[in-house]
**Student:** 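The structure under discussion is supplied below as C-alpha cells; questions concerning it will follow.
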Number of protein chains: 2
Amino acid sequence: MQQSPVPPETPIYRRIADGLREAILSGELRDGDRLPGENAIMAQYGVARATARQALSVLINEGLAVPKRGSGVYVRQFRPIRRHGSRRLAQGHWSQGQAIWDADTRGRPYTVDEVQIDRETADDDVARVLGSAEVWVRRRRYSVDGRPVQLSVSHFPADLVEGTAIVREDTGPGGAYARLGDLGHSPAHFTEELRARMPHPHETVLLDLPAGTPVIAIMRTAYTADGTPVEVNEMVLDAASYVLQYDFDA
Amino acid sequence: MQQSPVPPETPIYRRIADGLREAILSGELRDGDRLPGENAIMAQYGVARATARQALSVLINEGLAVPKRGSGVYVRQFRPIRRHGSRRLAQGHWSQGQAIWDADTRGRPYTVDEVQIDRETADDDVARVLGSAEVWVRRRRYSVDGRPVQLSVSHFPADLVEGTAIVREDTGPGGAYARLGDLGHSPAHFTEELRARMPHPHETVLLDLPAGTPVIAIMRTAYTADGTPVEVNEMVLDAASYVLQYDFDA
DNA sequence: AAGTGGTCTAGACCACCTT
DNA sequence: AGGTGGTCTAGACCACTTC
C-alpha cells in the first residue's frame with residue numbers, strides 16, 4: 001500500500017492540521033479543550049499513526065496545542081501578565097519600598113526560587129558594558145500562580161556592591177535598586193534590548209515550557225544620572241505568559 | 001527488530017540533536033554550514049530514517065537549523081536589524097522628511113510591497129481604541145536585503161484622514177505621521193504593546209519564515225498631545241531579523 | 001484495564017537540487 | 001544520475017494517565 005496516486009496539492013497532515021487550527025481559532029475548540037487524539041484522527045481520516053502525529057505536531061509547534069502524556073492534546077491557554085517597560089520603573093515605585101516585580105503582577109501572587117548569588121568574572125559583553133570584569137551576579141526564577149514565567153540574571157560591578165545587601169539573598173525594602181540609591185547610585189536611565197527566539201534546552205526545563213513556546217530575551221542596562229552603568233540584567237520570559245508595554249513620547 | 005531492551009534515559013533522537021546543537025553553539029559548525037544529512041545520521045548512529053529526521057526536526061523547530069529541499073540542512077544565520085523604540089520616533093526624524101523606517105535600517109536598502117489601502121470597518125479592539133468603527137487601513141510588507149522582515153497594518157479614523165495623502169499610496173515626504181501633523185494632529189505619545197508567538201500560516205507565507213521562527217507582534221497606538229488616538233499600527237516582525245531597543249528614564 | 005502520547009524500526013515513492 | 005529532504009504506511013513496545 002502506498003499513498004494516493006496523485007499526491008494532493010497540500011499534504012494530508014497539513015490539511016488535517018488546518019482543520020484543527022480552524023476549529024481552535026474560530027473558538028469551536030476553547031482554551032483547555034481536548035483535541036481529537038491520534039487514534040481518532042487515524043480513524044476519521046484513514047491515515048497512519050505517524051501522519052496523525054505529524055498533524056498534531058504542527059499545532060504543537062505553532063504553540064496552539066499542548067500535549068499531555070497519557071491524557072491527550074489540549075488547546076493552549078493564553079493568560080498573559082502585563083509588564084510595563086517605561087512606566088513601571090518610574091522612581092515612585094521602587095523608591096517607596098516596592099520591588100519592581102510588584103508592578104508587573106498587579107497583585108497576583110508570585111514566588112522567587114532558584115536564587116543564586118555569586119561573584120564571577122563577567123562575559124565579554126557584560127564586562128564591556130559595565131566596564132568591570134569582576135561582577136556580583138544575582139540569578140533567580142519568578143513564578144506566578146505556581147508556574148515559572150521568568151528567569152533573571154543581574155550583574156553588578158563587584159567593587160560597587162561589595163559588602164552591601166545586594167550580595168545577600170534579602171536585599172531589603174525596595175530591592176537592589178533602592179540599595180544602589182543608598183550608595184548614591186540611583187538608576188536614572190534604562191536601555192532594554194529585546195529579542196524573541198526559541199528557548200535553549202535549559203530554559204525549557206527551568207521555565208517548564210511546552211513545545212512551540214518562544215521566549216523573550218531582554219537585556220536591560222541601568223545607568224545613573226551621570227551615565228555610569230550600574231547593572232546589566234538579562235531576563236528570559238516565557239512569551240506565552242507576557243504582554244510587554246512601552247510608553248514614550250515623540 | 002526493536003529498540004534496545006533497556007530504554008536509555010534520554011531518547012536517541014534527543015541525544016543526536018544534543019550533539020548537533022553543541023556543535024552549532026560551540027562554533028564548530030558555523031553560520032550557513034551544512035549539517036549531517038538524514039543518511040549520514042542513519043549510518044553514523046545506526047538508526048532508522050524517521051529517527052534521524054526527528055533529531056533534525058528538533059534543531060529546526062529550535063530555530064537553529066534550516067532545511068533546504070534537495071540540498072541539506074544548514075546552520076541558521078542571525079543578522080538582526082536594530083529597531084529603536086523610543087528614540088526613533090523622536091520628532092526630529094519624521095518632521096524633517098524622514099520616514100520612520102529609515103531609522104531602523106541605518107542605511108540598509110529596504111523595499112515595500114504588498115501595499116493595500118482600504119476603507120474598512122475596524123475590528124472591535126481597534127474600534128474601541130480609536131473610538132471609530134470606520135477606518136482607513138494601510139497594509140504593507142517591508143523587506144531588507146530582498147528578504148521580507150515585517151508586516152504592518154495601520155489604522156486611521158476614517159473621518160480624520162478622508163481625502164488626504166494618507167489614503168493614497170504615496171503619502172509624501174515624512175510619511176503618514178507628517179500628514180497627520182499637517183492636519184494639526186501630530187502624534188505626541190505612543191504606546192506599544194508587544195508579544196512574541198509562533199506565526200500564523202499566512203504570516204509564514206508572507207514573511208517566508210522557516211520553521212522554528214517566532215514573530216514579534218507589536219500593537220502601537222499613536223496619540224496627539226491632547227490624548228486623542230490617531231493611529232493603531234499592528235506590526236508583525238520576523239523575530240530572527242530584529243533586535244528591539246527601548247530607552248527610558250526612571 | 002484501557003487509552004493516550006512518546007519512541008522506534010523498515011520499508012516506500014516523490015519533488016527537488018546539485019553535479 | 002544521484003543525493004537530499006518531504007510525505008506516508010504498517011507495524012511495535014513503552015510510560016503514563018485515567019477510569
Side-chain angles (χ1 to χ4, degrees), chain A residues 1-18 20 32-61 64-76 201 204-205 208-212, chain B residues 1-18 20 32-61 64-76 201 204-205 208-212:
Chain A
M1 201 60 59
Q2 65 180 61
Q3 66 189 87
S4 52
V6 176
E9 192 189 298
T10 60
I12 299 174
Y13 80 92
R14 199 162 281 282
R15 282 185 289 165
I16 297 172
D18 289 346
L20 294 174
D33 279 0
R34 190 173 175 284
L35 269 64
E38 296 176 0
N39 294 334
I41 291 174
M42 290 168 71
Q44 181 177 351
Y45 293 90
V47 296
R49 189 151 225 271
T51 304
R53 275 186 73 72
Q54 197 172 10
L56 289 170
S57 78
V58 168
L59 300 172
I60 291 167
N61 283 321
L64 291 174
V66 178
K68 295 205 186 305
R69 295 183 82 107
S71 173
V73 179
Y74 298 84
V75 178
R76 178 153 192 175
T204 302
V205 172
D208 191 26
L209 298 173
Chain B
M1 201 60 59
Q2 65 179 60
Q3 66 189 85
S4 52
V6 176
E9 192 188 297
T10 60
I12 298 174
Y13 81 91
R14 199 162 280 283
R15 280 184 290 165
I16 297 173
D18 290 346
L20 294 173
D33 279 359
R34 190 173 175 286
L35 268 65
E38 297 177 0
N39 293 333
I41 291 174
M42 289 169 70
Q44 182 178 350
Y45 294 90
V47 295
R49 189 147 221 275
T51 304
R53 274 186 73 72
Q54 197 171 10
L56 289 170
S57 78
V58 169
L59 300 172
I60 290 167
N61 283 321
L64 291 174
V66 177
K68 295 205 187 304
R69 293 183 82 106
S71 173
V73 179
Y74 298 85
V75 178
R76 177 152 196 177
T204 302
V205 173
D208 192 25
L209 298 173

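Per chain, numbering begins at 1; letters A, B, ... match sequence-line order.
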**Student:** B/Asn61 has an atom CG; how far is it from atom C1' of D/dG5, in whole Å?
**Tutor:** 15 Å
**Student:** How many angstroms lie between CG in B/Leu56 and CG in B/Leu20, if you round to the nearest 0.5 Å?
**Tutor:** 6.5 Å
**Student:** Would you classify B/Arg14 as touching base, sugar-phosphate or nothing, given that sugar-phosphate means primed atoms plus P, OP1 and OP2, and contacts are heavy atoms under 4.0 Å?
**Tutor:** nothing
**Student:** Specify the separation, in whole Å, of atom CD1 of B/Ile12 and atom C1' of C/dT9.
**Tutor:** 10 Å
**Student:** Can you sort out the partners of A/Tyr45 under side chain to side chain contact (heavy atoms under 4.5 Å, CB included), two or more places apart, ordered by chain and number?
**Tutor:** A/Ile16, A/Ile41, A/Val47
**Student:** Please tabulate, one pair per line, each protein N/O and nucleotide N/O from nucleotides 17-19 of chain D that are separated by under 3.5 Å, including the distance.
**Tutor:**
residue : atom : partner : partner atom : Å
D/dT17  : O4'  : A/Gly70 : O            : 3.4

**Student:** Figure out the CD1/C1' separation between B/Ile16 and C/dT7, and round it to whole Å.
**Tutor:** 12 Å
**Student:** Could you pull out all residues at least two apart from A/Arg49 that satisfy salt bridge (charged side-chain N to carboxylate O under 4.0 Å, His left out)?
**Tutor:** A/Glu38
**Student:** Report the residues that fulfil side chain to side chain contact (heavy atoms under 4.5 Å, CB included) with B/Asp33, sequence neighbours left out, ordered by chain and then residue number.
**Tutor:** B/Leu29, B/Arg30, B/Val75
**Student:** Could you tell me which residues satisfy side chain to side chain contact (heavy atoms under 4.5 Å, CB included) with B/Ala211, sequence neighbours excluded, listed by chain and number?
**Tutor:** B/Ile60, B/Asn61
**Student:** Under a 4.0 Å heavy-atom cut-off, which of residues 46-57 of chain A touch DNA chain C?
**Tutor:** A/Arg49, A/Arg53
**Student:** For A/Asp18, what residues pass the side-chain hydrogen bond (donor to acceptor under 3.5 Å, both in side chains) criterion, not counting sequence neighbours?
**Tutor:** A/Arg21
**Student:** List for me each residue that meets salt bridge (charged side-chain N to carboxylate O under 4.0 Å, His left out) alongside A/Asp208, sequence neighbours excluded, and say none if there are none.
**Tutor:** none
**Student:** Return the minimal non-hydrogen interatomic distance between B/Leu59 and B/Ala17, and the atom names on each side.
**Tutor:** CD2-O, 3.8 Å
**Student:** Can you list every pair that meets side chain to side chain donor-acceptor pair (under 3.5 Å) and has a residue in residues 66-76 of chain B, with sequence neighbours left out?
**Tutor:** B/Ser71-B/Tyr74, B/Arg76-B/Thr213
**Student:** At a heavy-atom distance below 4.0 Å, what parts of residues 37-45 of chain B sit against DNA chain C?
**Tutor:** none
**Student:** Can you tell me the distance, in whole Å, between the CD1 atom of A/Ile60 and the P atom of C/dG6?
**Tutor:** 6 Å
